[in-house]
Amino acid sequence: MELLPALAISSSGLTAERLRLDLIANNLANINTTRTPRGGPYRRQVPVFAEKLREAMGAGPGPGPQPSQAPGQGVEVAVIAEDNTPPRLVYDPSHPDADANGYVALPNINVVNEMVDMITASRAYEANVTALNAAKAMTLKALEIGR
């Protein structure tokens, strides 16, 4: 049994969840941004996670493990997507970005959704730290046995 892949898998999970938390912080920081370089309000960004390819461990044709039997290699961020829900329209005729009817288009960010995502990412991060610590403890015990 190899222990280093377990460390690498947990490490990829930590990296992915940290990026998710960074995007949530960026979304919350831009909750009132009405102007972007592309024009219009800021759009919420969400990460799309994907499993790392199993073929990286040598799974595939031949005598080795088949793709359905090989363990994964962790997680990676496939793409950072923009949420396509329409912007929130708020009536504020005094705002410089108000349209002819007095409505301002604000980013499509809901604070409650961002908080739920943040708690989920935080829990996933903690779970990956726990798995990393367990793998590290197992590695240390294996080294003690080898003395």
Side-chain angles (χ1 to χ4, degrees), residues 1-62 64-141:
M1 178 179 161
E2 297 179 36
L3 291 175
L4 291 180
L7 296 174
I9 291 169
S10 293
S11 174
S12 72
L14 291 171
T15 303
E17 295 303 331
R18 185 191 53 81
L19 175 68
R20 187 174 175 188
L21 283 172
D22 287 346
L23 289 176
I24 291 168
N26 193 33
N27 289 339
L28 290 173
N30 287 297
I31 198 163
N32 290 319
T33 302
T34 57
R35 292 181 193 174
T36 60
R38 295 179 301 158
Y42 175 83
R43 292 208 164 264
R44 179 175 182 249
Q45 296 179 336
V46 291
V48 177
F49 295 142
E51 180 182 8
K52 285 189 177 178
L53 295 176
R54 293 173 187 222
E55 289 81 13
M57 288 192 64
Q66 297 304 307
S68 62
Q69 300 170 335
Q73 284 286 295
V75 66
E76 64 184 358
V77 177
V79 67
I80 297 174
E82 287 188 348
D83 188 352
N84 289 325
T85 57
R88 294 179 295 132
L89 294 178
V90 175
Y91 183 71
D92 186 4
S94 63
H95 195 282
D97 292 331
D99 63 7
N101 296 326
Y103 286 96
V104 178
L106 294 176
N108 55 356
I109 299 170
N110 183 336
V111 174
V112 175
N113 288 343
E114 296 299 319
M115 290 297 149
V116 169
D117 285 350
M118 184 168 30
I119 290 170
T120 303
S122 176
R123 297 282 186 223
Y125 193 90
E126 290 174 9
N128 278 301
V129 167
T130 301
L132 184 74
N133 285 334
K136 187 173 76 176
M138 290 172 64
T139 303
L140 290 176
K141 287 292 182 188

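Positions are given from 1 along the sequence. Treat the numbers as computed from the prediction; the structure is a model and nothing was measured.
Between I109 and E114, the closest side-chain pair of non-hydrogen atoms falls below 4.5 Å. A 4.5 Å side-chain heavy-atom check between V104 and T34 finds at least one atom pair inside the cut-off. In this structure the side chain of I80 reaches within 4.5 angstrom of the side chain of L23, judged on heavy atoms. Between N26 and Q45, the closest side-chain pair of non-hydrogen atoms falls below 4.5 Å. In this structure, the side chains of M115 and L28 come closer than 4.5 Å at one or more pairs of heavy atoms. Taking the side chain as every heavy atom from C-beta outward, L14 and L132 approach each other to under 4.5 Å.
A distance of 8.5 Å separates CD in Q73 from OG in S12, rounded to the nearest 0.5 Å. We find the OH-CG distance between Y42 and N30 to be 5.0 Å, quoted to the nearest 0.5 Å. Here the CG atom belonging to D83 is positioned 5.5 Å from the CZ atom belonging to R44, to the nearest 0.5 angstrom.
Partners of R20 under the side chain to side chain donor-acceptor pair (under 3.5 Å) rule, at least two apart in sequence or in another chain, are E17.
When each of T85, N27, N84 is checked for a side chain to side chain donor-acceptor pair (under 3.5 Å) with N108, only T85 meets the rule.
A donor-acceptor contact shorter than 3.5 Å is absent between the side chain of S11 and the backbone of L7. D99 places a side-chain N or O within 3.5 Å of a backbone atom of G102 that can act as its donor or acceptor partner. Proximity of a side-chain donor or acceptor of S122 to a complementary backbone N or O of M118 within less than 3.5 Å is not detected. No side-chain donor-acceptor contact under 3.5 Å links R35 to the backbone of P41.
Residues A81 and V48 come closest through the heavy atom pair CB-CG2, 4.1 Å.
Pairs passing the ring-ring contact (aromatic ring centres under 6.0 Å, His included) check and including a residue from residues 93-132, sequence neighbours excluded, read Y91-Y103.
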